[in-house]
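Naming: A, B, ... by sequence-line order, numbering from 1 per chain.
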Protein chains: 2
Amino acid sequence: MQRLIAHIGKFIELTDEDRETILSCIPYQEVKKKDYLLRQDAVCNANYFILKGCFRQYYINEKGLEQIIHFGIDNWWITDYDSLERRTPSEYYIQAVENSEIAVLDKRVREELFSKIPGLERYFRLILQRAYAASMQRIKYIYEFTGEERYYHFSNLFPEFIQRIPQYMLASYLGFTPEFLSKIRSKKI
Amino acid sequence: MQRLIAHIGKFIELTDEDRETILSCIPYQEVKKKDYLLRQDAVCNANYFILKGCFRQYYINEKGLEQIIHFGIDNWWITDYDSLERRTPSEYYIQAVENSEIAVLDKRVREELFSKIPGLERYFRLILQRAYAASMQRIKYIYEFTGEERYYHFSNLFPEFIQRIPQYMLASYLGFTPEFLSKIRSKKI
DNA sequence: GCCATTTCTTGAACTTGATTAAGTTTTGGC
DNA sequence: GCCAAAACTTAATCAAGTTCAAGAAATGGC
């Protein structure tokens with residue numbers, strides 16, 4: 001759990017009391033590979049901080065295929081903000097790709113925490129700014145590059161990550177078929 | 001400027017004093033069609049609230065073509081969060097598509113305002129949650145639908161908006177060429 | 001109201017990546 | 001260590017969308 005405290009501490013000042021409050025409000029939890037934090041049609045109830053591990057956020061598209069729109073790894077928050085805030089059924093699944101450890105910030109607890117530690121409101125604003133900027137950047141890449149270029153770009157940026165996940169998940173995230181990824185990889189030997 | 005106050009008021013409680021503080025800190029400004037709020041390589045210095053009008057956020061891609069990644073219209077905030085927060089040169093242009101009216105929240109003033117009205121931190125967090133959720137939704141649409149489907153979906157959602165902007169901008173935003181948009185439109189008579 | 005600029009259209013040749021289907025390799029549970 | 005399930009590969013065919021080039025229509029400034 002020290003990872004979470006350290007992460008928050010990078011963005012805002014925390015007193016020892018704040019740290020204790022946070023630790024007492026945000027429980028630690030282990031999640032097994034393939035377990036779900038959220039399923040389609042459920043209402044999302046928490047923000048999840050990934051202490052260790054990897055999650056994927058995906059939906060089932062019109063053809064019945066899983067389409068991954070987001071990965072979360074160590075030190076990232078993951079949730080469905082739309083479902084969480086508007087209390088609507090989610091369109092997404094959030095599933096552990098490997099055995100993971102998380103910290104669970106329940107919606108109601110979050111509001112209490114915000115009143116006890118107002119700085120946390122700022123922390124989440126800063127986190128969201130980053131996430132939003134990254135999301136815009138992602139749209140930029142989707143438009144700017146071909147599938148093949150996105151693959152090379154991604155594997156240069158996150159070479160270790162590529163080893164961690166099955167290729168079909170990577171293909172889905174990058175927006176093409178596993179067959180096409182296979183073709184790209186066979187080209188370059 | 002009452003539009004801005006009203007918008008903030010929808011998310012957080014404001015006292016009359018807060019309202020005055022906001023009005024005194026966030027100047028009103030008129031922007032002519034084709035004027036820029038931000039250019040590539042400049043460092044972004046403010047959040048802009050669009051009181052009335054329309055802006056586009058775009059970059060110049062490898063082929064030298066303008067690629068629009070975002071539109072901002074009445075009652076939306078627009079900025080380059082990455083450049084604004086990290087003080088890095090922006091990759092984007094933000095340009096008025098039509099004569100517009102905006103409110104300018106300078107970065108430094110923003111920090112002062114946050115200390116005077118802590119609730120604003122919450123307001124921006126909520127705004128960002130929405131923007132981030134919308135951005136994820138956009139990625140979903142890009143992956144789920146063909147260009148033609150995205151066009152019909154967009155024109156059903158925002159029929160008036162389609163009339164306001166040139167078709168080549170719409171094509172760019174939707175991620176295909178103006179020629180292709182022309183072809184789509186000629187199909188359906 | 002005219003001219004220049006900007007925007008939109010059309011069509012042919014081409015590229016990227018999807019689909020389908022079959023076969024191969026790897027992984028994990030017992 | 002074996003077997004079933006999961007993951008990956010290969011290849012032929014097809015669809016979506018680009019590129020290039022040329023011309024037509026709309027718009028705005030004076």
Are the side chains of B/Glu30 and B/Asn99 in touch, meaning some heavy atoms are under 4.5 Å apart?
no
Residue set satisfying salt bridge (charged side-chain N to carboxylate O under 4.0 Å, His left out) with B/Arg150, at least two apart, ordered chain then number -> none
Discussion item. Is the positively charged end of B/Arg164 above the ring of B/Phe161, judged by distance under 6.0 angstrom from the centroid and angle within 45° of the axis?
Written reply: no
Tabulate protein N/O versus nucleotide N/O from nucleotides 25-30 of chain C, keeping only pairs under 3.5 Å, one per line.
none

With the criterion being N/O to N/O and under 3.5 Å, what pairs connect the protein with nucleotides 8-15 of chain D, and how long is each?
unit_1: D/dC8; atom_1: OP1; unit_2: A/Gln167; atom_2: N; d: 3.0
unit_1: D/dC8; atom_1: OP2; unit_2: A/Gln167; atom_2: N; d: 2.9
unit_1: D/dC8; atom_1: OP2; unit_2: A/Tyr168; atom_2: N; d: 3.0
unit_1: D/dT9; atom_1: OP2; unit_2: A/Gln167; atom_2: OE1; d: 3.1
unit_1: D/dT9; atom_1: OP2; unit_2: A/Ser182; atom_2: OG; d: 2.9
unit_1: D/dT9; atom_1: O5'; unit_2: A/Ser182; atom_2: OG; d: 3.0

Using a heavy-atom cut-off of 4.0 Å across all strands, would you classify A/Lys34 as base, sugar-phosphate, or nothing?
nothing
Under 3.5 Å side-chain donor-acceptor pair for B/Tyr59 and B/Gln57:
no
Exactly one of A/Phe154, A/Tyr141, A/Tyr151 clears ring-ring contact (aromatic ring centres under 6.0 Å, His included) with A/Tyr173, and that residue is A/Phe154
Separation of C/dT15 atom P from B/Lys63 atom NZ, nearest Å, is 13 Å
Taken to the nearest whole Å, CZ/A/Arg150 to C1'/C/dG17 is 10 Å
Think A/Thr177 has a side-chain N or O under 4.0 angstrom from the OP1 or OP2 of C/dA18? yes
Rounded to whole Å, the CG-C1' distance (B/Leu170 to C/dT7) equals 14 Å
Between its two end axes (five pairs each) the helix from C/dG1-D/dC30 to C/dC30-D/dG1 turns, nearest 10 degrees, through 70°
The remaining residues in the hydrophobic cluster of A/Ile78, counting side-chain heavy-atom contacts under 4.5 Å among Ile, Leu, Val, Met, Phe, Trp and Tyr, are A/Val31, A/Leu37, A/Leu38, A/Tyr48, A/Ile50, A/Phe55, A/Ile94, A/Ile102, A/Val104
Here the distance between atom P of C/dT15 and atom CD of A/Glu149, to the nearest Å, is 15 Å
Contacts of A/Thr15 meeting side chain to side chain donor-acceptor pair (under 3.5 Å) (sequence neighbours excluded), chain-then-number -> A/Asp18
In whole angstroms, the gap separating C1' of C/dC8 from CZ of B/Phe176 amounts to 14 Å
note: B/Ile184, atom CD1; D/dT18, atom C1'; distance rounded to Å ~ 13 Å
